[in-house]
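This report refers to the structure that appears directly beneath it.
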Amino acid sequence: MRINKYLAECGVASRRGCDKLIADGKVTINGKPAALGDDVTEGKDEVLVNGEAVQLNARHQYYLMNKPKGYICSVHDERGRKTVIDLLPAGAGRVYPVGRLDYDTEGMLILTDDGDLAFRLTHPKNEIPKTYLVKIEGSISDAALNQLRAGIELDGRLTNKSKVKVIETDKKYTKLHVTINEGRNRQVRRMFESIGKEVTFLKRIKIGDMGLGSLERGKVRKLTAEEIFYLTNL
Ligand code: URA
């Protein structure tokens, strides 16, 4: 495998970032400085970056799912409802969803067995931005938009500031993009409830700057090494 691809798959940096590391002389193969076009064989060649050995991400599994509504974000449901695990391909291993989307919420969901990544993405102190497409009935006032942006009291505590943008509206409905950096229970739905609006459609469309691309509703694919790198460094 080409050295820059190998390093990216090991999660060292993006492919371009790896090119720079190689050009800067930070990478060695079997003790010799690596050059941009070099090839390496996993398990045969010793690859070091800044003197440290790198390993493929093969120890863990990472999936991206476009969750449909009607599935619960859990490994098992006592009430026998369908879970997101039911949508994984056979042999996916013991991965679990990172964070939760409600039963009725759709969109971007990461599933992995990498506990460190799951912890990083969900720990409130990391304030990872998550963007939702929200649909409500009717219109929304500027005052209500500003309230949502400034913070809404939920469970006796203000939510963090959020980004809220109307993207489409007519007399019957309004669609918005809402970016929050916490993951409180049913947060988006409850923020809108508290300004008197029921959310009629909710879909997570981004985690950080990463979106679903062309992944169709109900479909799952493996994350690429660059996506794993991006999420690990968010
Ligand atoms: N906010 C919600 O209300 N529901 C979700 O599933 C995610 C965020």
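Order of appearance sets the numbers: ligands from 1, and atoms from 1 within every ligand.
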CA sep, side-chain torsions, deciding dist, call: Arg16, Glu226, salt bridge (charged side-chain N to carboxylate O under 4.0 Å, His left out): CA-CA 10 Å; Arg16 216 177 294 154; Glu226 293 199 0; over 6 Å; no
List every atom of ligand 1 that sits less than 4.0 Å from any heavy atom of [X], numbering the atoms from 1 in the order shown and giving each element.
X      : answer
Thr105 : 4 (N), 5 (C), 6 (O)
Arg189 : 2 (C), 3 (O)
Leu202 : 1 (N), 2 (C), 3 (O), 4 (N), 5 (C)

Considering only the protein, which heavy-atom contact is closest to atom 6 (O) of ligand 1, and what is its distance? Asp102 N, 2.7 Å
Shortest protein heavy-atom distance from atom 1 (N) of ligand 1, along with the residue and atom involved: Val188 N, 3.1 Å
What I want to know is whether Arg190 and ligand 1 share at least one N or O pair that is separated by under 3.5 angstrom. no
Side chain or backbone, does Tyr132 bring an N or O within less than 3.5 Å of an N or O on ligand 1? no
Hey, does the Lys NZ or Arg CZ of Arg81 hover above the aromatic six-ring of Tyr71, less than 6.0 Å from the centre and inside 45° of the axis? no
So, taking the atom named CZ in Arg184 and the one named CE in Met191, what distance separates them when rounded to the nearest 0.5 Å? 9.0 Å
Take Arg190 and Asp155 through the salt bridge (charged side-chain N to carboxylate O under 4.0 Å, His left out) test and state the conclusion after the steps. CA-CA 10 Å; Arg190 290 198 294 148; Asp155 309 318; 3.1 Å; yes
Of the non-hydrogen atoms in Val95 and Asp113, which two are nearest, and what is the gap between them? CG1-N, 3.8 Å
Write down the atom of Ile22, the atom of Leu36, and the distance for their closest heavy-atom approach. CG2-N, 3.7 Å
Location of contacts on Val199 toward ligand 1, heavy atoms closer than 4.0 Å: neither
